[in-house]
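Data block below; observations after.
Atoms considered below: every heavy atom in the structure, side chains included; atoms not considered: hydrogens, waters and symmetry mates. Note on naming: letters A, B, ... go to the chains in the order of the sequence lines (proteins, then strands), and numbering restarts at 1 for each one.
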There are 2 protein chains.
Amino acid sequence: MVTTRTTRADVVAAAGRMFADKGYHGTSMRDIGRAVGLLGSSLYAHIDSKEDLLVEVVDEGARLFLESARRAREAGGDSRSRLRSLIVGHIDVVLDHLDVVRTYLNEARMLDPTHRARVVAARDSYESIFRDVLGQGVAEGAFRDDLDPKVASIMVLSVLNTVERWYHPDGYLGRDELVAEIWRFVGDGLS
Amino acid sequence: MVTTRTTRADVVAAAGRMFADKGYHGTSMRDIGRAVGLLGSSLYAHIDSKEDLLVEVVDEGARLFLESARRAREAGGDSRSRLRSLIVGHIDVVLDHLDVVRTYLNEARMLDPTHRARVVAARDSYESIFRDVLGQGVAEGAFRDDLDPKVASIMVLSVLNTVERWYHPDGYLGRDELVAEIWRFVGDGLS
DNA sequence: CCTACCGATCGGTAGG
DNA sequence: CCTACCGATCGGTAGG
């Protein structure tokens, strides 16, 4: 087994894992150092500050979601199938980048106001893609005509963003089944 | 204006507010002291440790939700109306005890394993009340007959628990409208 | 990337 | 409830 040099990306990945688990303020630089086999002080050869690490992880989360949504929007099809692409893409991001997503969803509020504002803007932009597809769906008659796209997008994203809190990849529910369950609930509710 | 003695309840309430805002590890004893007009060290006249404060706030959250659910379960009516009571009760707890709820939902994982296990058990117990009502609803034909009560309870609670993250009491959506929107979405989804 | 260290802040205590 | 303080740990730096 060869031991490779620690890269900046290794440090950011370890930070994401630890921020997701113990929170930004619950993680020390020495914790992150230990995770990559370095002293806490040695991390400063790769980064300038602890907050830099949070900024980097959170920005990656924002980027992953936005790129996924832009791909889904461009995918074409009617509004129902574009919504399905949005949901599939969202779940893929959550399951393929769980640590980044958990840090993005739960720790972004620990950022200083300037960086936090950028994240809020990215989130709004992401939500607006859902809202637009839902609005188009109402116009096309694909969804109830009394649907409020603003409220509905929040409800759909509530279901999607909470997956991080309960879904276990090794549980009885596979990824496709997860998407199917969400699609059914979002489409029909309990009825 | 009379200045009253600080009580233990004042300290716990201030802790809940600060834990909700800045997280457990992002809040220092000196922060909490400042919020009640005391020094950090003076708080130890009221409590034994910082973690005691988290335990107390989180336990209160668990208690509020469980008591609400037990009342709803006892309320009678068919399964549809019992589910509605569960939802109304949940939203009342969230909106009337926002700081406690946010700490309960987001900071309980910072507890030591023993206390955390108790919270997980309380949460399971709360979720099982939703699951039971949904299962009864399927049996009564009030909901789709292919509904999985386990998955459905998670989806409903995802919507309910995320209210803390987006709802503003002074916004355009009143409490009754919020409940109506959730009820409609949970009942019918987008269709 | 480590050694050696910095000032600041942390949770908490003794004594009044 | 404050004064005075404790050892531990924090994020971070200088120098190699």
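- For C:dT9, neither phosphate oxygen OP1 nor OP2 lies less than 4.0 angstrom from any side-chain nitrogen or oxygen of B:Ser28.
- The pair A:Asp59-A:Arg63 fails the salt-bridge criterion, with no side-chain N (NZ, NE, NH1 or NH2) lying under 4.0 Å from an Asp/Glu carboxylate O.
- In this model, the phosphate group of D:dC1 is approached by a side-chain N or O of B:His46 to a distance below 4.0 Å at OP1 or OP2.
- Note on A:Ser41: every side-chain N or O is 4.0 Å or more away from OP1 and OP2 of D:dG12.
- In this structure, A:Leu53 atom CG and D:dG11 atom C1' are separated by 12 Å, rounded to whole Å.
- Nearest nucleotide to the side chain of B:Arg30, out of D:dC1, C:dC5, C:dC10: C:dC10.
- Taking the charged nitrogens against the carboxylate oxygens, B:Asp146 and B:Arg144 do have a contact shorter than 4.0 Å, which makes a salt bridge.
- Atom CG of B:Leu39 is separated from atom P of C:dC10 by 13 Å (rounded to the nearest Å).
- Checked against C:dC1, D:dC1, C:dA4, the side chain of B:Thr6 finds its nearest nucleotide in D:dC1.
- A salt bridge is defined here as a Lys NZ or Arg NE, NH1 or NH2 lying under 4.0 Å from an Asp or Glu carboxylate O, and B:Arg175 with B:Asp92 meets this definition.
- Between the C1' atom of D:dG12 and the CG atom of A:Asp52 lies a distance of 12 Å, rounded to the nearest Å.
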Evaluate the criterion side-chain contact (heavy atoms from CB on, under 4.5 Å) for residue pair A:Ile182 and A:Leu160; output intermediate values, then yes/no.
CA-CA 8 Å; A:Ile182 289 174; A:Leu160 295 179; 3.9 Å; yes
For DNA chain C, the dot-bracket pattern of Watson-Crick and G-U pairs whose distances stay under 3.5 Å, | for other-strand partners:
||||||||||||||||
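- Rounded to an integer number of Å, the gap from B:Arg34 CZ to C:dG11 P is 11 Å.
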B:His90 vs B:Asn161, side-chain hydrogen bond (donor to acceptor under 3.5 Å, both in side chains): CA-CA, chis, key distance, verdict:
CA-CA 9 Å; B:His90 190 103; B:Asn161 283 330; 3.0 Å; yes
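- Look at OH on B:Tyr44: it is 16 Å from C1' on D:dA4, rounded to the nearest Å.
- One finds a salt bridge joining A:Lys22 and A:Asp31 here, because a Lys/Arg side-chain nitrogen approaches an Asp/Glu carboxylate oxygen to under 4.0 Å.
- The side chain of B:Arg5 lies closest to D:dC1 when the candidates are C:dT13, D:dG11, D:dC1.
- For the pair A:Thr7 and B:Asp31, both in contact range of DNA chain C, the more 5′-proximal nearest nucleotide belongs to A:Thr7.
- Atoms CE (A:Met29) and C1' (C:dA8) sit 17 Å apart, rounded to a whole Å.
- Look at B:Asp21 and B:Arg102 and you find a salt bridge, because one of the NZ, NE, NH1 or NH2 atoms lies within 4.0 Å of a carboxylate O, short of that distance.
- Atom NZ in A:Lys22 sits about 12 Å away from atom P in D:dT9, given to the nearest Å.
- One interatomic measurement links the two molecules: CD1 of A:Ile47 to P of D:dT13, which rounds to 10 Å at whole-angstrom precision.
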